[in-house]
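Computed from a predicted model, the values in this text were never measured in an experiment. Residue numbers start from 1 in every chain, and the chains themselves are labelled A, B, ... in the order their sequence lines are given, proteins ahead of strands.
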Number of protein chains: 2
Amino acid sequence: MSKNLDATLAALADPTRRHVVELLRERPRRAGELAAASAMSGPAMSRHLRVLRASGLVEVEFEEEQVDHDARVRVYRLCPEPFVDLQAWLDQVQAFWSNQLDAFKTHAERTHEHTYRGEDR
Amino acid sequence: MSKNLDATLAALADPTRRHVVELLRERPRRAGELAAASAMSGPAMSRHLRVLRASGLVEVEFEEEQVDHDARVRVYRLCPEPFVDLQAWLDQVQAFWSNQLDAFKTHAERTHEHTYRGEDR
DNA sequence: AATGTCATTAACTATTGGATTAAATAGTAA
DNA sequence: TTACTATTTAATCCAATAGTTAATGACATT
């Protein structure tokens with residue numbers, strides 16, 4: 001439904017970017033710190049951060065207004081909104097879950113062995 | 001963390017596949033029905049369904065054991081597990097949220113106008 | 001048996017995505 | 001000013017993804 005869910009999920013679909021999220025979950029960090037922590041070149045990380053920015057999952061802050069400010073560094077921090085939106089979508093999907101689960105269980109009792117879950121898992 | 005989160009998020013990142021999920025959320029449906037509902041060719045939908053299958057988000061069922069069974073049709077239904085896993089990951093990220101939010105608000109009061117959220121939103 | 005239907009796979013094309021190196025931008029420090 | 005640091009952008013390459021039409025497999029219908 002939400003148009004932005006697309007960008008959010010696309011951003012989170014990449015393991016590197018999820019790792020960044022997990023790092024930022026603890027505290028805001030500098031771009032270079034994130035690159036180093038992910039054993040990744042600066043430019044590569046920069047592109048990932050651009051994607052995360054565009055999706056609204058993170059925001060950047062310049063170090064101005066700080067006691068020992070260095071205007072070169074960019075500090076990234078997590079933004080809550082997209083996560084909340086994703087939660088909302090998941091809740092909406094799972095709102096139908098109880099009946100689905102009932103139907104599933106009822107069915108599974110009858111024809112469980114004909115269920116096919118794909119070739120690769 | 002979970003290796004499968006990758007496949008789950010990659011699968012859900014596509015709008016067509018999310019649409020399928022939203023359709024299946026109501027009830028199980030046949031492959032052809034999903035293709036028609038998404039105004040998409042059969043083969044294209046088939047590929048999407050393969051991705052959804054591989055990620056464990058859906059499973060297929062043959063129509064055997066049914067009163068008016070037609071062995072050609074495949075009925076797809078939603079699987080709960082990956083959604084639960086995703087919920088768990090989100091919860092884990094948001095467990096750190098209260099402090100983050102506090103820090104964010106405190107900071108925002110001081111330097112809100114220097115915050116930059118990306119060029120395209 | 002012959003023809004039509006449901007769904008998937010194959011083969012091909014176009015687009016997107018991530019990684020790299022090199023260059024640019026902006027700022028610090030000697 | 002000159003050299004060094006932090007980060008982003010540019011140019012390029014390769015791999016992965018999504019769509020199309022045509023072909024195939026398996027079954028249904030007459």
Can you figure out which of [options] approaches the side chain of [X] most closely?
{"X": "His48(A)", "options": "dC27(D), dG18(C), dT8(C)", "result": "dG18(C)"}
{"X": "Pro43(B)", "options": "dC27(D), dT8(C), dA19(C)", "result": "dT8(C)"}
{"X": "Ala44(A)", "options": "dG18(C), dA19(C), dA22(C)", "result": "dA19(C)"}
{"X": "Ala71(B)", "options": "dA28(D), dT9(C), dT21(C)", "result": "dA28(D)"}

To the nearest angstrom, how far is [X] atom [atom1] from [N] atom [atom2]?
{"X": "Phe62(B)", "N": "dC6(C)", "atom1": "CZ", "atom2": "C1'", "result": "12 Å"}
{"X": "Asp6(A)", "N": "dT16(C)", "atom1": "CG", "atom2": "P", "result": "13 Å"}
{"X": "Arg50(A)", "N": "dT9(D)", "atom1": "CZ", "atom2": "C1'", "result": "7 Å"}
{"X": "Glu61(B)", "N": "dA7(C)", "atom1": "CD", "atom2": "P", "result": "12 Å"}
{"X": "Leu52(A)", "N": "dG17(C)", "atom1": "CG", "atom2": "C1'", "result": "14 Å"}
{"X": "His69(B)", "N": "dC6(C)", "atom1": "NE2", "atom2": "C1'", "result": "15 Å"}
{"X": "Arg53(A)", "N": "dT7(D)", "atom1": "CZ", "atom2": "P", "result": "12 Å"}
{"X": "Arg29(B)", "N": "dC6(C)", "atom1": "CZ", "atom2": "C1'", "result": "18 Å"}

Within the structure shown, what part of the strands sits under 4.0 Å from [X] by heavy-atom distance: base, sugar-phosphate, or nothing?
{"X": "Arg47(B)", "answer": "base"}
{"X": "Gly32(A)", "answer": "sugar-phosphate"}
{"X": "Met45(A)", "answer": "nothing"}
{"X": "Ala31(A)", "answer": "sugar-phosphate"}

Measuring to OP1 and OP2 of dA6(D), would you say a side-chain N or O of Tyr76(A) lies under 4.0 angstrom away?
no
**Prompt:** Below 4.0 angstrom from OP1 or OP2 of dT20(D), is there any side-chain N or O of Ser41(B)?
**Reply:** yes
Exactly one candidate in Val51(A), Leu49(A), Leu57(A), Leu12(A) meets side-chain contact (heavy atoms from CB on, under 4.5 Å) with Arg17(A); the answer is Val51(A)
Got a donor-acceptor pair under 3.5 Å from the side chain of Arg74(A) to the base of dT7(D)?
-> no
Any N/O donor-acceptor pair, Arg72(A) side-chain to dT5(D) base, under 3.5 Å: yes
Rounded to the nearest 0.5 Å, the OG1 atom of Thr16(B) sits from the CG atom of Leu34(B) at a distance of 11.5 Å
Output for pair (Arg72(A) CZ, Arg30(A) CZ), nearest 0.5 Å, gives 9.0 Å
Arg29(A) meets the salt bridge (Lys or Arg N to Asp or Glu O under 4.0 Å) criterion, sequence neighbours left out, with Glu26(A), Glu33(A)
Exercise for the section: Would you kindly confirm whether Leu23(B) and Val21(B) end up in one hydrophobic cluster when ILVMFWY residues are joined by side chain heavy atoms under 4.5 Å apart? Expected result: yes
